[in-house]
Structures are given as structure tokens and as C-alpha cells.
Amino acid sequence: MTAPAGGRFITLEGIEGAGKSTVAHHVTRWLAARGIKARTDARAGRHTAVRTRARHCSRARRELLTPVTETLLMFAARGIHVDNFIRPALARGEWVVCDRFTDATRAYQAAGAG
């Protein structure tokens, strides 16, 4: 079996320690064994310079950041990652398996911060 034209994006969400990274690794290997080019996208990996600065701003705490502002910064960093890594991989026909995505950002930055 080979991948159809265009890649696919798979995200795994869940609480800390649920095994998302382990499952992502196994899914990527399972797809590869079937001739589908896939890559695991760990949340902490592949930081671009601009993405790193956006994430740093949200953690620096030199200025007041409301939960809404912090969430917007995190989504800006996520958008940079989508544009520079995920979309190009999908356009090449690759599958991207991510061990968390927007649900985690909403939970940690939005709901978790109040």
C-alpha cells in the first residue's frame, strides 16, 4: 500500500504521561512499514528562530501577559511551525504524526492559565 497523493496530518492528544510520544513513534513506524513516508513531529522539536522567540516571549514574564495574550503567542509559534514544517511535508505527500497540537495549547495556555 502506498500513500495517496498528498500527505495526512495525525495528532494525538491526551494528558501528561499517557504515551502520546510512544504511540506517535509506533504509528510512524507502522506507516513506514506499509510504504507510507511519515515523520513524527514532537512538540518540542524543530524550533525556528522566530518560533523560539515567540515561545520565549510567553515565558519571559518581564511584562504582564494575560492568559489570552499568552495563548495567542503560543498559537503564533504554532502557525510558524505549520507554515515551515507541517504544510511543506504534507505538500510533499508525507504524513505527519504529531504528539499533541491545538488541544494541548488550549488546555495548558488558555484553560490552565485561567
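Atom set for the values below is all heavy atoms of this structure, side chains included, hydrogens, waters and symmetry mates excluded.
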Interatomic spacing from CZ in Arg100 to CG in Leu12 - rounded to 0.5 Å: 10.0 Å
Close side-chain approach of Glu13 to Phe101, heavy-atom, < 4.5 Å: yes
Exercise: do His81 and Asp41 side chains pair donor with acceptor under 3.5 Å: yes
Closest approach of Asp99 to Ala24 (non-hydrogen atoms, all atoms of both residues): CB-CB, 4.2 Å
Interatomic spacing from CH2 in Trp95 to CD1 in Ile36 - rounded to 0.5 Å: 4.5 Å
Residues that Arg87 engages under salt bridge (charged side-chain N to carboxylate O under 4.0 Å, His left out), provided they are two or more places apart: Asp83
Set of residues satisfying side-chain contact (heavy atoms from CB on, under 4.5 Å) with respect to Leu90, sequence neighbours excluded: Phe9, Ile86, Val96
Salt bridge (charged side-chain N to carboxylate O under 4.0 Å, His left out) pairs, two or more places apart, involving residues 18-32: none
Side-chain (Glu94) to main-chain (Arg39) donor-acceptor, under 3.5 angstrom: no
